Protein chains: 2
Amino acid sequence: MRPFKHPAPDQFVLERVLYALSDPVRLEVVQRLAQVAEASCGELDGGRPKSSMSHHFRVLRDAGLVCTYGVGTSHMNSLRREEMDSRFPGLLTAILGNKGT
Amino acid sequence: MRPFKHPAPDQFVLERVLYALSDPVRLEVVQRLAQVAEASCGELDGGRPKSSMSHHFRVLRDAGLVCTYGVGTSHMNSLRREEMDSRFPGLLTAILGNKGT
DNA sequence: TGAGTTGTTCGATTTTATTCGAACAATGGA
DNA sequence: TCCATTGTTCGAATAAAATCGAACAACTCA
């Protein structure tokens with residue numbers, strides 16, 4: 001399985017990150033990933049079509065918010081919190097409404 | 001001059017705020033307003049058509065980011081920083097502290 | 001190898017946003 | 001009052017995103 005392309009932190013673009021998180025579906029995915037550390041695509045679709053979710057995951061990946069890697073037949077996703085924090089300190093914390101870093 | 005409608009902080013919607021700031025033009029306006037306290041629309045257009053800017057100001061207003069009031073023939077805009085901070089603590093600070101590279 | 005699972009990619013449709021000229025409204029000054 | 005200034009609103013064209021079915025690809029397991 002060919003790995004997905006993930007941008008490096010210095011390639012993160014603020015506008016792109018904000019745009020990715022401005023969609024309710026994607027924001028929900030990120031909020032859930034902030035709690036579970038990692039989850040498959042299937043666990044994160046809200047009963048939505050797989051093709052739609054695949055699109056949303058790609059937007060999140062391209063923005064640098066999410067890391068996706070294949071595990072067996074499924075794809076696991078995790079929040080790139082440290083990298084996002086290093087590039088945009090405090091941003092994810094503010095958006096996720098968390099108290100810790 | 002009829003005043004514009006400005007949402008109360010408890011009506012701010014995170015997705016809407018993020019969306020408003022995901023546009024380069026609007027983000028630039030907010031970044032400049034963070035430095036000058038207030039400015040007219042004309043001072044903030046980058047030579048762009050007034051009708052386009054009027055649209056962007058409306059998006060920023062509706063999201064709760066900006067307050068607009070008439071002064072003479074011009075409209076003054078200011079960042080609603082305290083109110084945004086009260087609703088989404090740390091968000092504006094995080095966004096304004098990172099201009100992107 | 002063949003079937004079942006998971007998710008991607010493609011393609012088309014629908015929806016939503018951006019852009020900007022032109023007309024309009026409000027204001028202040030001569 | 002007339003005129004210049006400032007910005008809004010309208011309307012249409014353009015551009016960009018979201019949606020989702022269908023076909024495809026990668027993997028596991030029997």
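Quick caveat, the model's predicted, so the values are computed rather than measured. We name chains A, B, ... by the order of the sequence lines, and we start the count at 1 in each one.
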### Query
Under 4.0 Å between a Lys/Arg side-chain N and an Asp/Glu carboxylate O for Glu28(B) and Arg48(B)?
yes
#### Entry: Working for side chain to side chain contact (heavy atoms under 4.5 Å, CB included), residues Phe57(B) and Val29(B)
CA-CA 9 Å; Phe57(B) 279 114; Val29(B) 165; 3.8 Å; yes
I need the [atom1]-[atom2] distance between [X] and [N], as an integer number of Å.
X        : N       : atom1 : atom2 : value
His56(A) : dA16(D) : NE2   : C1'   : 14 Å
Met53(A) : dC20(D) : CE    : C1'   : 13 Å
Phe4(B)  : dT9(D)  : CZ    : C1'   : 10 Å
His55(A) : dA17(D) : NE2   : C1'   : 6 Å
Met76(A) : dT6(C)  : CE    : P     : 13 Å
Phe57(B) : dT18(C) : CZ    : P     : 14 Å
Glu15(B) : dA18(D) : CD    : P     : 13 Å
Arg61(B) : dT9(D)  : CZ    : C1'   : 12 Å

Can a side chain N or O of [X] be found less than 4.0 Å away from OP1 or OP2 on [N]?
X        : N       : result
Tyr19(B) : dA17(D) : no
Ser54(B) : dT8(D)  : yes
His75(A) : dT6(C)  : no
Arg26(B) : dT18(C) : yes

#### Entry: Close residues, residues 37-50 of chain B, relative to DNA chain D [heavy-atom separation under 4.0 Å]
Ser40(B), Cys41(B), Gly42(B), Lys50(B)
### Task
Name the nucleic acid region contacted by Ser74(B), choosing base, sugar-phosphate or nothing; use a 4.0 angstrom heavy-atom cut-off, strictly under.
sugar-phosphate
[X] (side chain) donor-acceptor with [Y] (main chain) under 3.5 angstrom:
X        : Y        : value
Arg26(A) : Leu21(A) : no
His6(A)  : Thr68(A) : yes
Asn77(A) : Ala39(A) : yes

Got a list of protein N/O to nucleotides 25-30 of chain C N/O distances below 3.5 Å?
| from | atom 1 | to | atom 2 | distance (Å) |
| --- | --- | --- | --- | --- |
| dT27(C) | OP1 | Met1(B) | N | 2.5 |

### Task
Establish whether Leu14(B) and Leu60(B) are linked, either directly or via other cluster members, by ILVMFWY side-chain heavy-atom contacts under 4.5 Å.
yes
### Task
Group every Ile, Leu, Val, Met, Phe, Trp and Tyr by side-chain heavy-atom contacts under 4.5 Å, then state whether Leu96(A) and Val66(A) land in the same group.
yes
### Task
Among Arg87(B), Arg80(B), Arg81(B), find the one that has a salt bridge (Lys or Arg N to Asp or Glu O under 4.0 Å) with Glu83(B).
Arg80(B)
### Query
Just checking, Arg61(A) and Phe4(A): is the charged tip under 6.0 Å from the six-membered ring centre and within 45° of the axis?
yes
